[in-house]
Amino acid sequence: MVICCGGGSQDQQSQSRPQGGSSQSWYPPSVVSSLSSSRPGTPGSTSSGSFSSHRPTDRPESPSHVSPAEAAGIIAVVKDKSVDELRKLLSDKDAYHQFLLSLDQVKIQNNLREELRKETLQLARDNLEKEPRMMELRNQCRIIRTTELAAAQEKQNELERQKEESLKFYSPASLLQRLQEAMNKTEEESENLHSQFLDREIEFGAFVHKYKKLRTTYHRRALVQLAAKTSSTG
């Protein structure tokens, strides 16, 4: 008789749990399925199964991301809990939260997150400590850019100007022009020397010597000019 009464009380508990479970829709479906599978041969598992079967009527079950190893670990933790303890986990958020924090998988994840947080904070502190040095280097670069670089740029511009002048000075057109100017100057000197001879301002011997030299220079330049013009046009 005692056994029958005990069975009747458990059946009554299994009938009351779907209502309590269905009202607590915040509980993860993966954990509910793990809890239900942890007691396959007890009336408590029947009540958990009825709870899980009624959940799709409340909301669609979200896809589970729990690996088989993690699920086995959870099952190993909850398999020895009583029906009252399981009911408390399903209905009490604080109890569920404490139970969740006690799991090894959660502890590992929390430890990793804490380590990552500390490393991130340390990197941030290191960056802040390096900021004055970065500002100093930035100022040095600005000074170099405005002083040394400006002077080097000015010197480069001067060298470029000199190069352009040299190229212009020794260009074929410039050489021909200066050769023509030299020929004109020699021609003018020859005319002045001839005028001096006519005015008896210079002796015959000196006139012949200077005049011959000027005319030789003139014709030599004329030949060079003619050769340069011929080679450029050819």
Side-chain angles (χ1 to χ4, degrees), residues 62-70 104-234:
S62 59
S64 176
H65 298 286
V66 180
S67 64
E70 292 175 344
D104 292 338
Q105 295 87 343
V106 177
K107 291 180 180 178
I108 293 173
Q109 294 298 325
N110 288 338
N111 291 334
L112 291 175
R113 183 179 64 181
E114 184 64 20
E115 291 178 2
L116 291 175
R117 187 185 68 84
K118 291 180 179 179
E119 291 179 1
T120 303
L121 289 176
Q122 185 61 38
L123 289 175
R125 294 190 186 97
D126 294 341
N127 291 335
L128 291 176
E129 291 177 357
K130 294 176 182 178
E131 186 174 1
R133 179 59 178 168
M134 294 172 61
M135 293 295 297
E136 181 182 355
L137 294 175
R138 189 178 294 111
N139 292 332
Q140 292 180 2
C141 292
R142 186 180 299 108
I143 293 173
I144 292 174
R145 185 168 56 251
T146 56
T147 56
E148 298 180 8
L149 181 61
Q153 186 68 38
E154 184 178 357
K155 185 176 181 180
Q156 181 182 3
N157 294 336
E158 178 64 21
L159 293 175
E160 290 289 341
R161 185 185 63 80
Q162 293 179 3
K163 184 185 74 172
E164 292 296 332
E165 291 180 354
S166 299
L167 292 176
K168 184 178 179 181
F169 182 80
Y170 292 105
S171 63
S174 178
L175 292 174
L176 287 175
Q177 182 180 0
R178 286 187 284 113
L179 185 60
Q180 183 63 45
E181 292 175 354
M183 289 172 59
N184 295 336
K185 183 179 180 180
T186 304
E187 183 69 20
E188 183 179 357
E189 291 177 356
S190 299
E191 293 294 334
N192 291 334
L193 184 62
H194 186 261
S195 298
Q196 291 177 4
F197 175 72
L198 294 178
D199 294 337
R200 298 183 184 274
E201 296 178 0
I202 187 174
E203 295 182 357
F204 178 74
F207 165 75
V208 172
H209 177 72
K210 291 182 178 181
Y211 191 79
K212 181 181 179 181
K213 183 177 180 180
L214 289 174
R215 298 313 298 175
T216 301
T217 303
Y218 174 83
H219 288 293
R220 185 184 297 113
R221 291 172 178 173
L223 289 175
V224 172
Q225 183 188 42
L226 180 62
K229 289 182 178 180
T230 302
S231 61
S232 61
T233 54

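When reading the values below, keep in mind they use all heavy atoms of this one structure, side chains included, and skip hydrogens, waters and symmetry mates.
When atom types are taken as modelled, the side chain of Arg215 and the backbone of Lys210 share no donor-acceptor pair closer than 3.5 angstrom. Between the side chain of Ser174 and the backbone N or O of Ser171, no donor-acceptor pair lies under 3.5 Å.
For the pair Arg142/Arg145, a side-chain contact is recorded, criterion being any heavy-atom separation below 4.5 Å from C-beta on. Under the 4.5 Å side-chain criterion, counting only non-hydrogen atoms from C-beta, Gln140 is in contact with Leu137. The shortest distance between side-chain heavy atoms of Gln162 and Leu159 falls below 4.5 Å. Side chains of Glu115 and Leu112 form a contact here, defined as non-hydrogen atoms less than 4.5 Å apart.
Legend: residues meeting salt bridge (charged side-chain N to carboxylate O under 4.0 Å, His left out) with Glu160, ordered by chain and number and at least two apart, are Lys163. Listed by chain and number, the residues in a ring-ring contact (aromatic ring centres under 6.0 Å, His included) with Tyr218 amount to none (sequence neighbours excluded). Among residues two or more places apart in sequence or in another chain, the salt bridge (charged side-chain N to carboxylate O under 4.0 Å, His left out) test is passed with Arg133 by Glu136.
For the residue pair Asn192/Gln196, the side-chain donor-acceptor check at 3.5 Å is not satisfied.
The heavy-atom pair separating Ser190 from Tyr211 by the smallest distance is O-CE1, 3.7 Å. When all heavy atoms of Lys212 and Thr216 are compared, the closest pair comes out as O-OG1, 2.7 Å. Nearest heavy atoms, Thr230 versus Leu226: OG1-O, 2.7 Å.
By the 6.0 Å contact criterion, CD on Glu114 is enclosed, its count of non-hydrogen atoms from other residues, nucleotides or ligands being greater than 12. By the neighbour-count criterion of 12 heavy atoms within 6.0 Å, atom NE2 of His219 is densely surrounded, having more than that number from other residues, nucleotides or ligands.
To the nearest 0.5 angstrom, Leu149 atom CG is 11.0 Å from Cys141 atom SG. One distance of note links CE of Met134 with CG of Leu128; it measures 10.5 Å at 0.5 Å rounding. Atoms CD and OG1, on Glu187 and Thr217 in that order, are 12.0 Å from each other to the nearest 0.5 Å. The CG atom of Leu214 sits 9.5 Å away from the NE2 atom of His209 when rounded to the nearest 0.5 Å. Atom CG of Leu116 is separated from atom CG of Leu123 by 10.5 Å, given to the nearest 0.5 angstrom. Note that CG of Asn127 is 12.0 Å distant from CZ of Arg125, once rounded to the nearest 0.5 Å.
Using bins of under 30°, 30° to 60° and over 60° for the plane-to-plane angle, the ring pair Phe197/Phe207 lands in the parallel bin.
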Test log, rule side chain to side chain donor-acceptor pair (under 3.5 Å), inputs Gln180 and Asn184: CA-CA 6 Å; Gln180 183 63 45; Asn184 295 336; 3.1 Å; yes
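Using a cutoff of 4.0 Å between basic side-chain nitrogens and carboxylate oxygens, Lys185 and Glu188 are not scored as salt-bridged. Looking at Glu165 and Arg161, a side-chain N of the basic residue comes within less than 4.0 Å of a carboxylate O on the acidic one, giving a salt bridge.
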